[in-house]
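Naming: A, B, ... by sequence-line order, numbering from 1 per chain.
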Amino acid sequence: MAIEYDFKQVEKKWQDYWYNNKTYECTEDKTKPKFYGLIEFPYPSGTGLHLGHIKAFTSMEIIARKKRLEGYNVLFPIGYDAFGLPTENYAMKVKMHPRIVTDENIKKFKEQLQSVGYSFCWDRTVDTTDPDFYKWTQWIFIQLFEKGLAYKSHSNVNYCPSCKVVLANEESQDGLCDRCGSEVIQKEKDVWFLKIRDYANKLLDGLNEVNFPERIKTEQQNWIGKSTGAEITFKAICGSEVYYIPVYTTRPDTIFGATFLVVSPEHPILEKFADKISNAQEILDYRELAKNKKEFDRINLNKNKTGVEVKGLTAINPATDSSIPIFTADYVMLGYGTGAIMAVPAHDQRDWDFAKKFNLPIIEVIEGGDIEKQAYSAKTGKMINSSLLNGLTVSQAVEKIISYLSEKKLGFAKTDFKMKDWAFNRQRYWGEPIPIINCPHCGQVPVKLSELPLKLPDIINITPSKNGESPLAKCKKWVKTKCPICGANATRETDTMPQWAGSSWYFLRYMSPSDTEYAVNPDAYDYWGQVDWYNGGMEHVTRHLIYSRFWNHFLYDIGVVKFKEPYLRRTAQGLILGADGEKMSKSRGNTVNTLDVINEYGADVLRAFILFIGDYEKPAPWQADGIKGCLRFLNRVWNLTDIISDDVDTSDLNLDALIKKVDEDYENVKFNTAIAALMTALNTIYTRGRITNKELETFLILLYPVAPHITSEIYLNCYNKMIDQASFPKYDEAKLLSNVVEIPVQESGKLRGKVIVAVDSDESTVLKAIKDAGLLSDRDIIKTIYVKNRIINLITKPKTT
RNA sequence: GGGAGCGUGGCGGAAUUGGCAGACGCGCUGGACUUAGAAUCCAGUAUUGAAAGAUGUAUGAGUUCAAGUCUCUUCGCUCCCACCA
């Protein structure tokens with residue numbers, strides 16, 4: 001009997017060995033094919049590694065270890081996305097500098113990651129808060145600025161009164177702050193934006209070039225939200241003055257049914273004609289009301305339309321030349337389209353609701369619906385009441401009206417996007433300073449490249465001020481500077497970049513993490529190129545994954561990288577839920593501490609179980625008892641050395657089929673069934689009672705990516721070699737099928753028994769075997785369906801006598 | 001309101017993509033070993049039935065020799081987007 005497996009001692013031994021010998025460090029070795037496997041680098045929070053990290057990282061870890069055994073030169077890096085609010089808030093609470101908090105957290109993360117035995121390239125570790133890293137984040141920002149893709153604008157923004165920061169739309173969904181859950185308010189502010197909208201089409205097209213799951217592509221497409229339609233100009237008349245209001249519509253065909261115009265409460269026309277509008281005060285009041293309405297309410301009150309007529313202004317429908325009223329209503333948003341719509345109540349439900357409430361005319365222009373009851377928004381039916389469009393189909397009408405309006409210079413075809421430009425500043429300390437200097441003469445001037453990195457000043461009070469100004473503003477010495485162009489006294493931009501900045505390009509930095517001349521060294525990039533496989537969470541699909549694709553497209557356009565798309569393949573893990581099937585959270589008390597699990601069961605068991613628990617891409621509840629199965633499994637693997645014998649009949653275990661199954665399952669992120677297959681094989685071996693050296697060696701290598709410590713130890717003990725130097729086994733296609741196969745026998749679709757026949761037997765052979773086995777009933781066979789090597793189905797009827 | 005997906009034993013989940021439903025694991029039951037427990041090992045474990053058998057993948061229909069898988073219906077759940085013009 002072998003000694004009991006002491007995972008604590010064995011795992012520590014191998015972790016130290018790997019780290020001290022730099023086993024998994026890599027260089028740009030041109031003699032080998034490269035593989036770049038990436039995981040989303042963690043935010044080093046004070047709470048340390050959680051099970052979500054383990055699930056997210058372990059998948060790529062399997063692939064990285066497997067690829068090395070397959071002869072690839074593997075880049076599997078790790079880093080820390082360390083700027084951000086939680087650290088800053090914690091630092092303020094405990095009155096420490098965020099730098100110190102961050103360094104402590106990173107140290108803790110590194111230890112914890114090593115205790116799981118991950119085969120990261122530690123020498124390439126990056127930290128987004130390291131000035132040598134954010135120097136290049138700032139450099140990219142300056143490139144964006146110089147290409148006109150970063151601009152400052154006075155704008156209404158999502159503002160979290162609790163965190164005191166401006167939030168991107170992506171961070172304030174449902175009107176709640178992503179970080180703290182408080183209600184987001186709208187606030188007027190100077191905001192830096194990145195023109196991600198300019199890249200909307202490229203980001204859409206790029207999806208055709210990459211291997212992402214469909215659900216991810218769909219989510220990104222929805223997020224970008226391309227719509228095709230037309231911009232049409234309506235004249236607004238105020239006494240003798242004429243003003244032009246552009247509206248955006250996806251249904252220009254319905255223009256003859258446009259019976260009123262609606263502008264958003266913040267629309268500039270209301271400002272411009274404030275003194276001419278007879279009910280200006282009423283409109284002002286309405287705007288205040290709308291402003292205070294939370295996003296959330298706007299959505300939920302969508303049936304109850306509110307609005308105010310703009311008195312003293314009328315619009316002219318360019319198709320009919322008739323005069324129509326103008327309203328302002330909060331169901332029209334300033335931020336989408338042109339902030340104004342032509343309302344066609346007969347064919348748009350929102351306009352219909354509004355028209356009913358305000359008693360406005362509803363003119364049917366497409367046949368097919370019952371506009372007394374509801375709007376008819378289908379795109380089928382003949383055009384009516386539409387002058388030159390009468391009798392046409394909808395698509396014909398769209399084309400005709402656009403060319404008609406274009407000729408008269410009253411409109412044009414236009415595509416629009418739901419995606420807004422990316423609000424790119426925060427009024428907080430712990431972020432990359434925006435490298436811009438405000439000069440009274442030259443305006444916004446980027447910091448000289450030779451001055452980068454523009455380091456954060458070492459200030460003590462990092463609390464944001466009540467007026468929402470950045471803490472950096474309080475550091476007068478830092479703010480005061482000279483204009484790089486004219487030398488005049490100037491001030492620095494005091495806002496910092498949002499958390500998403502560093503993560504938008506970190507994957508490039510891993511290729512040459514300490515290069516002082518380039519963000520990414522061109523030679524290193526030539527070698528590593530695109531990320532071959534990127535694993536991460538679904539929650540980043542519309543943020544990090546889109547932002548980083550955007551930056552990469554931009555870097556492609558300015559010649560820094562040679563591929564438009566950064567990631568060739570993307571996979572996404574499902575959430576690990578608490579035992580109650582709910583999301584893990586401290587308040588629910590259903591959290592599981594990763595280190596406790598490692599202490600009790602060991603890293604290999606944790607790694608195996610987190611993958612075995614269910615379909616990798618689906619959420620799965622953590623069932624504490626279930627982990628014992630993986631513990632037993634690995635203990636039984638350990639004891640295999642007791643039963644080695646080459647003198648045994650191995651026909652009960654098809655090793656080639658096992659290799660194929662495990663190989664393909666790993667590649668297809670079906671880790672649960674790969675492990676199940678290994679368990680099945682182990683059961684077969686124990687039933688038999690013997691294992692051959694060939695079987696053991698193969699089994700250990702197949703299991704090695706999941707459980708590297710125990711397999712390294714057994715392999716070394718048995719073969720006096722390092723398993724890292726082994727090759728991943730290949731299977732022989734010809735040996736996948738054994739020479740006999742079991743065929744289920746059905747009678748009229750019901751299972752009657754099974755027969756064993758030679759592989760590829762023909763129908764008559766199988767029928768004979770069925771007869772010999774006595775499985776034939778006394779009914780007449782009227783039809784036989786035989787699928788070779790699969791199944792046979794006999795259709796019978798009562799015997800005719 | 002729009003989009004994507006899901007519904008299988010007591011539980012987590014399998015099912016070669018239309019071909020033996022319930023792999024693998026947990027739990028449970030019985031047994032062995034132990035003074036005893038833990039650990040380990042052996043046997044069993046969808047429901048029903050003594051058994052042969054019958055029934056069974058949320059619901060009701062349909063296609064097919066054959067349906068968890070395809071089509072339609074109803075119910076329920078999850079995620080994403082959302083007064084997006």
Side-chain angles (χ1 to χ4, degrees), chain A residues 4 173-174 213-223 225 227 229 247-251 254 262 264 295 298-306 329-333 335-344 348-351 353-354 377 416-420 538-539 541-542 574-575 579 581 608-609 612-615 617-633 635-636 639 657 661 664 670 672-680 682-683 686-687 742-754 782-787 789-796:
Chain A
E4 203 176 312
Q173 299 181 13
D174 296 326
E214 272 316 306
R215 58 179 175 152
I216 291 183
K217 289 190 182 183
T218 311
E219 265 187 44
Q220 293 213 343
Q221 281 158 359
N222 287 345
W223 185 259
S227 84
V247 305
Y248 178 70
T249 177
T250 54
R251 298 296 303 274
T254 62
V262 187
S264 80
E295 284 285 321
R298 281 197 171 195
I299 293 156
N300 280 292
L301 295 171
N302 65 11
K303 282 286 160 196
N304 187 16
K305 296 279 181 292
T306 61
D330 63 3
Y331 81 93
V332 174
M333 313 291 159
Y336 185 73
T338 59
I341 62 159
M342 63 175 208
V344 184
D348 182 288
Q349 192 58 42
R350 292 154 301 175
D351 298 344
D353 293 339
F354 194 83
S377 52
D416 206 347
F417 301 96
K418 284 184 203 170
M419 182 171 67
K420 291 172 189 160
M538 280 307 285
E539 70 275 19
V541 167
T542 53
L575 237 51
F609 182 58
F612 181 67
I613 211 164
D615 185 330
E617 309 201 85
K618 291 193 183 125
W622 176 268
Q623 290 183 309
D625 275 345
I627 197 169
K628 289 182 196 158
C630 289
L631 177 71
R632 285 175 195 147
F633 171 59
N635 280 333
R636 276 153 63 88
N639 292 331
K661 170 78 177 158
E664 292 182 351
K670 302 285 176 202
N672 55 336
T673 48
I675 295 169
L678 290 168
M679 286 173 167
T680 309
L682 190 71
N683 290 343
Y686 270 105
T687 304
E742 190 183 59
I743 304 286
V745 181
Q746 292 182 339
E747 187 179 326
S748 300
K750 295 228 169 15
L751 187 67
R752 286 289 173 246
K754 293 166 191 179
I782 52 173
K783 194 175 173 190
T784 308
I785 294 113
Y786 173 57
V787 184
N789 299 333
R790 271 291 148 75
I791 199 164
I792 186 164
N793 192 4
L794 309 173
I795 313 305
T796 63

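- Counting heavy atoms from C-beta outward, A/Asn672 and A/Lys670 have side chains that approach closer than 4.5 Å.
- The side-chain contact (heavy atoms from CB on, under 4.5 Å) check on A/Glu219 picks up A/Met538, A/Val541, A/Thr542, with sequence neighbours excluded.
- A/Asp351 comes within contact range of no nucleotide atom at all, as no heavy-atom separation falls under 4.0 Å.
- Sequence order on RNA chain B of the closest nucleotides to A/Lys783 and A/Asn635 puts A/Asn635 first from the 5' end.
- Scored by the salt bridge (charged side-chain N to carboxylate O under 4.0 Å, His left out) test, A/Lys618 finds A/Asp615 as partners (sequence neighbours excluded).
- Under the ring-ring contact (aromatic ring centres under 6.0 Å, His included) criterion, A/Phe609 pairs with A/Trp622, not counting sequence neighbours.
- The side-chain contact (heavy atoms from CB on, under 4.5 Å) search around A/Glu539 returns none, not counting sequence neighbours.
- Taking the C1' atom of each, B/C20 and B/C28 are spaced 27 Å apart, rounded to whole Å.
- At a cut-off of 3.5 angstrom, the base of B/C81 holds no donor-acceptor pair with the side chain of A/Lys418.
- Taking the P atoms as reference points, B/G44 lies 37 Å from B/A61, given to the whole Å.
- Atom name C1', nucleotides B/U59 and B/G7: the rounded distance is 11 Å, in whole Å.
- Residues forming a side chain to side chain donor-acceptor pair (under 3.5 Å) with A/Tyr248 (at least two apart in sequence, or on another chain): A/Ser227.
- In this structure, of B/A4, B/C80, B/A54, it is B/A4 that holds the atom nearest to the side chain of A/Arg215.
- Scored by the salt bridge (charged side-chain N to carboxylate O under 4.0 Å, His left out) test, A/Glu617 finds no partners at all (sequence neighbours excluded).
- For RNA chain B, if you chain together Watson-Crick or G-U pairs that step i with j, i+1 with j-1 and so on, the runs of at least three with distances under 3.5 Å are B:1-7 with B:75-81, B:10-12 with B:24-26, B:27-32 with B:40-45, B:46-48 with B:53-55, B:60-62 with B:70-72.
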> Which letter, B, S or -, goes with each nucleotide of nucleotides 15-27 of chain B from 5' to 3', with contact meaning a protein heavy atom under 4.0 Å?
Replying inline: -B--BB--BBSSS
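- Rounded to a whole angstrom, the distance from the C1' atom of B/C6 to that of B/A58 is 11 Å.
- Atom P of B/G68 sits at a distance of 13 Å from the matching atom of B/G18, rounded to the whole Å.
- Between B/C41 and B/G56, the two C1' atoms lie 34 Å apart (nearest whole Å).
- As rounded to the nearest Å, B/U8 and B/C70 have P atoms that lie 16 Å from one another.
- A cation-pi arrangement is found for A/Lys305 relative to A/Tyr331, the charged atom lying closer than 6.0 Å to the ring centre and inside a 45° cone about the ring normal.
- A syn base is found at B/U17: its glycosidic angle is within 90° of 0.
- Glycosidic conformation of B/G9: syn, with the torsion inside 90° of 0.
- Nearer to the 5' terminus of RNA chain B, by closest-nucleotide assignment, is the contact made by A/Ala620 (compared with the other of A/Ala620 and A/Ile341).
- In the set B/A85, B/C79, B/C65, B/A85 carries the atom at the smallest distance from any side-chain atom of A/Thr250.
- With sequence neighbours excluded, no residue satisfies ring-ring contact (aromatic ring centres under 6.0 Å, His included) with A/Tyr336.
- Phosphate proximity of B/A85 to A/Tyr336: present, with a side-chain N or O under 4.0 Å from OP1 or OP2.
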